[in-house]
Number of protein chains: 2
Amino acid sequence: MATSRGPYAKGVAKREEILRAALEVIARHGYRKTSTRELAAAVGLSEAGLLHYFGTKEQLFEAVLRARDEADRSRFVDVPDSIGLLAAAVRHNGSVPGLVELYSTFSAEAGDPEHKSHDYFVDRYAAIRSSLADAARARQAAGTFSPSADPETVATALIALSDGLQIQSQYDLPADPADLFDNVLDLLRDS
Amino acid sequence: MATSRGPYAKGVAKREEILRAALEVIARHGYRKTSTRELAAAVGLSEAGLLHYFGTKEQLFEAVLRARDEADRSRFVDVPDSIGLLAAAVRHNGSVPGLVELYSTFSAEAGDPEHKSHDYFVDRYAAIRSSLADAARARQAAGTFSPSADPETVATALIALSDGLQIQSQYDLPADPADLFDNVLDLLRDS
DNA sequence: GTCTATACCAAGATAGAC
DNA sequence: GTCTATCTTGGTATAGAC
């Protein structure tokens, strides 16, 4: 048996270059219209060469979304709790429509239990839900959040609100989704 | 000039048969995995014959969603206002996972302004938003809804909540999405 | 019964995943 | 390169208005 040696430094760098390029191409052409062919051309690789790094098109897009989560976390390190983090992310989404389209489409498609990225979203939703519920409990203890609201319910609803606003923002929304999200949070503080 | 004669009785019947069959096949196999070939076979047509009626696969799926909206409206005629209608639809969605997958995926994909069904969703969202805002105003006037909530904001947020719950329901949700939706409505009544 | 738009099919062009 | 998917082209057969 060959023992796994892990990626070489060159491979790591190429991976990052591919992720950056994928982000850029997706932002311009959208998710559905971005082919592996086009992506390969953008980084100077053959299609086979590109897929060597990520296995399938889907795993590549999953990697792009993981990279975005990571980037958001480090962009908003100073935000006090995960409810605030979600609000900041919703606001930031307004400036990256290509990523919003990727996230919306991909999270809907991966709803199929046989989709390669299904488990990624199961884990991601569970983690966010748990951390939002913690934040809701902390805010309730501090007296800055509706005491009658069930934390788990609030957590699930806030995620749904964020996801749903990302979809609606692709159509003609009369207001800024981020302002809307903040307004709903205000309602929950006062009820 | 060729004057349009409209569809023959046979064509009208076949159209309905196709929509019914599409609903069933999509409910079983999901949206992404349903091919025009499979759909054509299910109604005893060639692919070209199938596409003769709807032009493209996308227009066929749009027709399926229009038929669903129509079916929901007649299923819930006795529901007093459109907020109640949305709540009833969310509850009903729990029994038709294939349609939920179709709706989630398709509404995300059609976010692309060049998608053939983009305008359908623009109109649909605008209509639902307007009717939900009317319902919120009526409930506020009747004293059964938070007076501090802006009706337009509530309308957009309720749609987002419904859409987002449809996505999350495809993963491991700890609670029933319909109960969750009702709980959020309760919070809005008391605030 | 004539006429032509509608209903439908066979084959293939095109394009993307892998 | 191979396989699979959508959609077009170019046709024939039939419904149904007149």
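In what follows, every heavy atom counts, from backbone to side chain, and hydrogens, waters and symmetry copies are set aside.
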Which residues within residues 20-50 of chain B lie with some heavy atom under 4.0 Å of an atom in DNA chain C? B/Gly44, B/Leu45, B/Ser46, B/Ala48, B/Gly49
Evaluate the ring planes of B/Phe121 and A/Tyr171, with Trp represented by its six-membered ring, and classify them as parallel (under 30°), tilted (30 to 60°) or perpendicular (over 60°).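 B/Phe121 and A/Tyr171: tilted rings.
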Strictly below 4.0 Å, heavy-atom distances to any atom of DNA chain D: list the hits from residues 56-65 of chain B, or just say none.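 Only B/Thr56, B/Lys57 qualify.
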Can you hop from [X] to [Y] via hydrophobic side chains spaced under 4.5 Å?
{"X": "A/Tyr120", "Y": "A/Ile159", "answer": "yes"}
{"X": "B/Leu85", "Y": "B/Leu161", "answer": "no"}
{"X": "A/Phe106", "Y": "B/Val100", "answer": "no"}

Who pairs with A/Glu101 by salt bridge (charged side-chain N to carboxylate O under 4.0 Å, His left out), at least two apart in sequence or on another chain? none
Answer yes or no: are there more than 12 heavy-atom neighbours, outside B/Glu24 itself, under 6.0 Å from its atom CD? no
For A/Ala155 and A/Ala133 the tightest heavy-atom approach is CB-N, 3.7 Å
Pairs flagged by ring-ring contact (aromatic ring centres under 6.0 Å, His included) wherever residues 146-168 of chain A is involved - sequence neighbours left out: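 Sorted result for residues 146-168 of chain A: empty, none.
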Among B/Asp134, B/Asp81, B/Thr144, which residue meets the side-chain hydrogen bond (donor to acceptor under 3.5 Å, both in side chains) test with B/Arg139?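 Looking at B/Asp134, B/Asp81, B/Thr144, the match for B/Arg139 under the side-chain hydrogen bond (donor to acceptor under 3.5 Å, both in side chains) is B/Asp81.
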Grab the N/O contacts between the protein and nucleotides 11-18 of chain D below 3.5 Å, and write none if there aren't any.
residue: D/dA15; atom: N3; partner: B/Tyr8; partner atom: OH; Å: 3.1
residue: D/dG16; atom: OP1; partner: B/Ala9; partner atom: N; Å: 2.9

Only counting residues at least two apart or in another chain, list the ones meeting side chain to side chain donor-acceptor pair (under 3.5 Å) with A/Asp182. A/Arg91
For DNA chain C, whose closest nucleotide is more 5', that of B/His52 or that of A/Leu51?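 The answer here is B/His52.
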